[in-house]
Protein chains: 2
Amino acid sequence: MNRSNQILKDILKSNRLSVTNQRLLIFNILSQNQPLSMNELIKKTNSEIDRVSVYRIIETFISVGIAQKVSLGWKYKIELSDTFQDHHHHLICLACNKTIAIHNQGLESYLNKIANENNFETKNHQIEIQGYCSDCQKS
Amino acid sequence: MNRSNQILKDILKSNRLSVTNQRLLIFNILSQNQPLSMNELIKKTNSEIDRVSVYRIIETFISVGIAQKVSLGWKYKIELSDTFQDHHHHLICLACNKTIAIHNQGLESYLNKIANENNFETKNHQIEIQGYCSDCQKS
DNA sequence: CTATAATTGCAACTGATTTGCAATTAATTA
DNA sequence: TAATTAATTGCAAATCAGTTGCAATTATAG
Ligand SMILES: [Mn+2]
Ligand SMILES: [Mn+2]
Ligand SMILES: [Zn+2]
Ligand SMILES: [Zn+2]
């Protein structure tokens, strides 16, 4: 039982949500991976959880701030929320599909400035840079 | 026949693509709107074009640079490419769904810098700020 | 105007996500 | 700890988004 597992349970309990094996499994899968599409996530459960339940668990996780959606490759993927990892964004390689995390405070304040200028109250933002990683650039 | 309609025809012809009524209609719908989801776009055609053809036309438009996908609200929407409008990104209101275009050169160079630092060759990027517009903030 | 090539519409299909409901499991209470 | 209650899950079936094959239609070129 590590630190983040404890935080998970606290969040669940404080929202009157049960701590189930299915929820723990999904949390652990997310802990060990880059952002996953629903299908990738479902595959990683190795049929231990019904697809429908995976969808429902993710919906719940998002609603209480355990997980979050990120826009990647024209659809969303799921990763743990900023409660469990540093806020960041991704470069995604169009050739090998690798994602590279970027942590950049300057970018963040730039976005805040833009929102302010537009009288806009930011809840969230998505940034994705699509292109070719250093490994895939030769051709 | 306005200027951008002429550009459209030139692009089609230079790619050996026919100028059809269906393609003109879709181009005109896109010209008059904010980014549209495929479903919104299909609705706006008022059944004058089969859904399948709308999908195929958009695929063609994207492949020759007439239109482009943008990530908005966890799925992609379609808008005319930067050939027909200035490169920009969007704020999207979670309450009223309005999109607000932002043109910001500083943001663009910031992204380029980040890509460079990561030895990444950028093809494209997506930026979306989700939150509440000035009209929807009172509550 | 005719011939040729490209495009469209239709029917059917696939894969992703949602919904209703009964069976199971977790949390609470005694 | 056992019984009760409430939440969660799995299964079947529905819906929605996007795709494919093919014949009918329309556009382009000669
Ligand atoms: Mn960020
Ligand atoms: Mn941009
Ligand atoms: Zn790569
Ligand atoms: Zn609004």
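To find a chain, count down the sequence lines: A is the first, B the second, and so on, and within it residues start at 1.
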Checklist line | 5′-ward residue of the pair N21(A)/I49(B) relative to DNA chain C | finding: I49(B)

Item checked: Residue R56(B), side-chain heavy atoms: nucleotide from dA7(D), dT20(D), dC11(D) that is nearest -> dT20(D)

Check: Can a side chain N or O of N39(B) be found less than 4.0 Å away from OP1 or OP2 on dC16(D)?
Finding: no

Check: With distance as the sole criterion, is a donor-acceptor pair present between the side chains of D10(A) and Q6(A) under 3.5 Å?
Finding: yes

Notebook entry, point to check: For the pair made of CG in D50(A) and P in dA12(D), what is the distance, rounded to whole Å?
Noted result: 9 Å

Margin query: Need one value for R51(B): base, sugar-phosphate or nothing, where a base atom within 4.0 Å counts as base even if backbone is also close, heavy atoms only.
Written below: base

Margin query: With a 6.0 Å cut-off (strictly less than), is the heavy-atom count around CD of E117(B), excluding the residue itself, greater than 12?
Written below: yes

Notebook entry, point to check: Which residue lies toward the 5' end of DNA chain D, V52(B) or T60(A), if each is placed at its nearest nucleotide?
Noted result: T60(A)

Notebook entry, point to check: For H87(A), which of H125(A), Q105(A), Q68(A) qualifies under side chain to side chain donor-acceptor pair (under 3.5 Å)?
Noted result: H125(A)

Margin query: Can you work out whether R16(A) or E48(A) has the more 5'-proximal nearest nucleotide on DNA chain D?
Written below: R16(A)

Checklist line | Positional range of nucleotides in DNA chain C within the contact set of chain B, heavy-atom, under 4.0 Å | finding: dA6(C) to dA11(C)

Margin query: Pairing donors with acceptors under 3.5 angstrom, does anything connect the side chains of S18(A) and T20(A)?
Written below: no

Check: Over how many whole Å does the gap from Y55(A) atom OH to dT15(D) atom C1' extend?
Finding: 13 Å

Note to self: Using a 4.0 Å heavy-atom cut-off, does E59(B) contact any base of the nucleic acid, only the sugar-phosphate backbone, or nothing at all?
What the structure shows: nothing

Note to self: Measure CZ/R23(B) against C1'/dT28(D) and give the value in whole Å, please.
What the structure shows: 13 Å

Check: Should we count NZ of K69(B) as having more than 12 external heavy atoms under 6.0 Å?
Finding: yes

Next item on the list: Please report, rounded to the nearest Å, how far the C1' atom of dA7(D) is from the CD1 atom of I57(A).
Entry: 12 Å

Checklist line | Whole angstrom value for the distance that separates P of dA7(D) from NZ of K13(A) | finding: 16 Å

Next item on the list: Could you check how far CG of N15(B) sits from P of dA27(D), rounded to whole Å?
Entry: 19 Å

Next item on the list: Have a look at T20(A) and say if it touches a base, only the backbone sugar-phosphate, or nothing, with a 4.0 Å heavy-atom cut-off.
Entry: sugar-phosphate

Check: Base, sugar-phosphate, or nothing: which does S53(B) touch, judged by heavy atoms less than 4.0 Å apart?
Finding: base

Check: If only atom types and distance count, is the side chain of Q22(A) paired as donor or acceptor with the main-chain N or O of D50(A) below 3.5 Å?
Finding: no

Notebook entry, point to check: If you measure only the distance, is there a donor-acceptor pair under 3.5 Å linking the side chains of H89(A) and E108(A)?
Noted result: yes

